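Naming: A, B, ... by sequence-line order, numbering from 1 per chain. Values in this document were obtained by computation on a predicted structure and should not be read as measured data.
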Amino acid sequence: MYCKVVFDVPLDRDFDYAVPAELENKIMPGVRVTAPFGRVLTGGMVTSVSEICTAPKGVTLKEIASVVDKRPLFGSDLFPLMRFMKAQWGGPIGQILFSLVPPQPYFKLDNAPTSVHIDIKTPSMRLTPCQETALQTVRAFAAYEFHPVLLNGPSYTGKTETVLRLAGEVLAGYGQVLITVPDIAAARQFISEAEERFGADNVFCWHSRMLLSKKKKYFSAVSNGLPCVVIATRSGALLPFKNLRLAAVLDEGDDNYKQEENKPYYHLRELLMFRAKMHGAVLLFVSATPSLELLQKVHRQEVAQLSFTQAVPGHAFTPQIKLTDKKGEKSRFLSDFLLAQLTENLQRKETSLLILNRRGYSNAYYCLNCGAYAKCKKCGAILARENTPEHGDRLVCKKCGHTETLQQECPHCHNLIFKSRGGGTQKVVTELAKFFPKAHLLRLDSDTLKTKAGQGFEALNALKSGRADIIVGTRLASGALRGAKITLAAVLDAELELDGPDFRASEKYGQMLFALRGHLSGVSDGRLIIQAADKEAYDYEHLFAGDYNAAAQSELALRESFAYPPYVHLAKMLIKAKDADVLAAETARIKRLAAPLVCQTLGPVWCAKKTDVLKKQYLLFKTDEARWLELVAALDSFVPVKKASVKLSADPYDFY
DNA sequence: AGCACGCCGACT
DNA sequence: GTCGGCGTGCTC
């Protein structure tokens, strides 16, 4: 007997092995084995078993050393899922497979508990007609074929309550539920609510940074088909569900749902469309600000839409929205209007949230007179100030690598007064402390959330309890608003990111503004202040009206006219080499390879990084639906020369 | 990814 | 003279 084995290495192929007689009845596709591989004994997974040897001639087969699992850890959808991920986003099958199944041979399944206790506590409240309709419609869909649904409507319309009720029904029927949230902070906020409702034993909180022992426990339970509600971040979509009946994606529009840092790359939305379909599960996308990609699926009737229009009782307020200059008489960061509002809020003992939109532009250079940013003359991106021993003080474009001197003329007022701004929550807090020495100030960003003792967690709690006067956060804070008790929110440097290289910047910015607006509509006298240097950089009209869908439609029209997603697919190839000639040659080869499959090629664009002997640039290909998978396959199988390396991102969210 | 082999620079 | 740098090649 022979079998093919895939190993936990970034190799895009399987290897043939002979199966010793005593292991023949234990070997089957999906079980893990150990086998001599290269010079070591290592863990792999059997992908197929055969009586005839199909190994290429000239190779001497080695034997499987041991079989690790009694039964496959993952269900029968393992290999279809692997192939789907491979086709959609590329990458070596070894890495894809072992992102679905733990590679450590000592990671074995726990036994399934013999009994489960399910006691669901549903809060008694009167449902709105929209909620009633949604419940009935989703139940009806569930009885027929796979039909994904978007639950769409502003904050406080009871979307989440609807999801929790449906989840309760599934759990009561001994089914499995997956509810995904954008990040760990959101998971933490959600978990206690879920535990109270479904019982702590039936709720699993899953994210990538958890203890292996917990991972093992939850992975086993899910694989054993135990009834449960899994509250998870993106990676929860890769769990080995046996009996998935319902999957819900909360805050669908959040860009955390795209994995692009580590392989395998995937987008949760597309992945769950595939998995829920295979399992025949109900799939719900829940958002006040859904992505344009999803809205287009709704438009094409691939996803149904249920609109939530009625606010739950006590939360139907219209917040005031005010656009101000960012230049203040008294402060570098805070307009006089904002300062006055903060003072008022402090007197009322209410909590304010300030959002600093800094996204890698901590050293932007801006006009002291009107607040405009120095921009790259080549590509229009915001320039960063950089002071290095070799080149001295200068401005660098992080998008195209172009450099300029500090002598900049303001594009608006034509003065020569630009000033460096080392923005950041810390500086804002320092500034605030001068004005409000007695106020309780907290920072909420990825830095302060890194350590358990950091004030980030205190800030998260304070958002809910109101036990802080002013919280200064980054974009991350706008995603942790569930249950927040704030009456004033301000965006400090509004349009800063709109000029970046990311064509989705405007969509993301809009989503953040609508999220803030939505949460302020839950309190009386909520106020949203937007400090903008360039009030024309974003169309605020729909925000004032509170109509996200209108904002999305005008954004979609722009995307269509400029031929950007969701109207085309994008493939990014990042090419690295030390030698400029090698880089140019490889770039040209990739261009030639892709040419027959694309409708437009953008770039190559240089990636500027200060301390790098390496040369990096990327190419962007645009193509239509028909040639998309073919293009991914072609770029994925591109083998660079020894001195170069490439990285493919299918439908990328990161641009640099 | 690991791991080994191999060919050049600065040390006992 | 050799220890060790990492470039290159291979894994059934």
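- In this structure, A:Phe503 and A:Tyr564 have parallel ring planes: the angle between them is below the 30° cut-off, well short of the 60° mark.
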Are there any protein N/O atoms within less than 3.5 Å of an N/O atom in nucleotides 10-12 of chain C, and if so, which ones and at what distance?
from: C:dT11; atom 1: O3'; to: A:Gly38; atom 2: N; distance (Å): 2.9
from: C:dC12; atom 1: OP1; to: A:Tyr17; atom 2: OH; distance (Å): 3.0
from: C:dC12; atom 1: OP1; to: A:Pro36; atom 2: O; distance (Å): 3.4
from: C:dC12; atom 1: OP2; to: A:Gly38; atom 2: N; distance (Å): 3.4
from: C:dC12; atom 1: OP2; to: A:Lys62; atom 2: NZ; distance (Å): 2.2
from: C:dC12; atom 1: O3'; to: A:Asp16; atom 2: O; distance (Å): 2.6
from: C:dC12; atom 1: O3'; to: A:Lys62; atom 2: N; distance (Å): 2.9
from: C:dC12; atom 1: O2; to: A:Asp16; atom 2: N; distance (Å): 3.1
from: C:dC12; atom 1: O2; to: A:Asp16; atom 2: OD2; distance (Å): 3.2
from: C:dC12; atom 1: N3; to: A:Arg13; atom 2: NH2; distance (Å): 3.1
from: C:dC12; atom 1: N4; to: A:Arg13; atom 2: NH1; distance (Å): 3.2
from: C:dC12; atom 1: N4; to: A:Arg13; atom 2: NH2; distance (Å): 3.2

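- Under the 4.5 Å side-chain criterion, counting only non-hydrogen atoms from C-beta, A:Asp654 is in contact with A:Glu261.
- A:Tyr2 has its ring centre no less than 6.0 Å from the ring centre of A:Tyr17.
- Among the atoms of the strands shown, only primed sugar atoms or phosphate atoms (P, OP1, OP2) are found under 4.0 Å from some heavy atom of A:Val40.
- If you look at A:Phe84 and A:Trp89, their ring centroids are closer than 6.0 Å.
- Heavy atoms of A:Lys4 sit nowhere under 4.0 angstrom from any nucleic acid atom.
- For the side chain to side chain donor-acceptor pair (under 3.5 Å) test with A:Asp255, the passing option among A:His267, A:Arg504, A:Lys508 is A:Lys508; the others fail.
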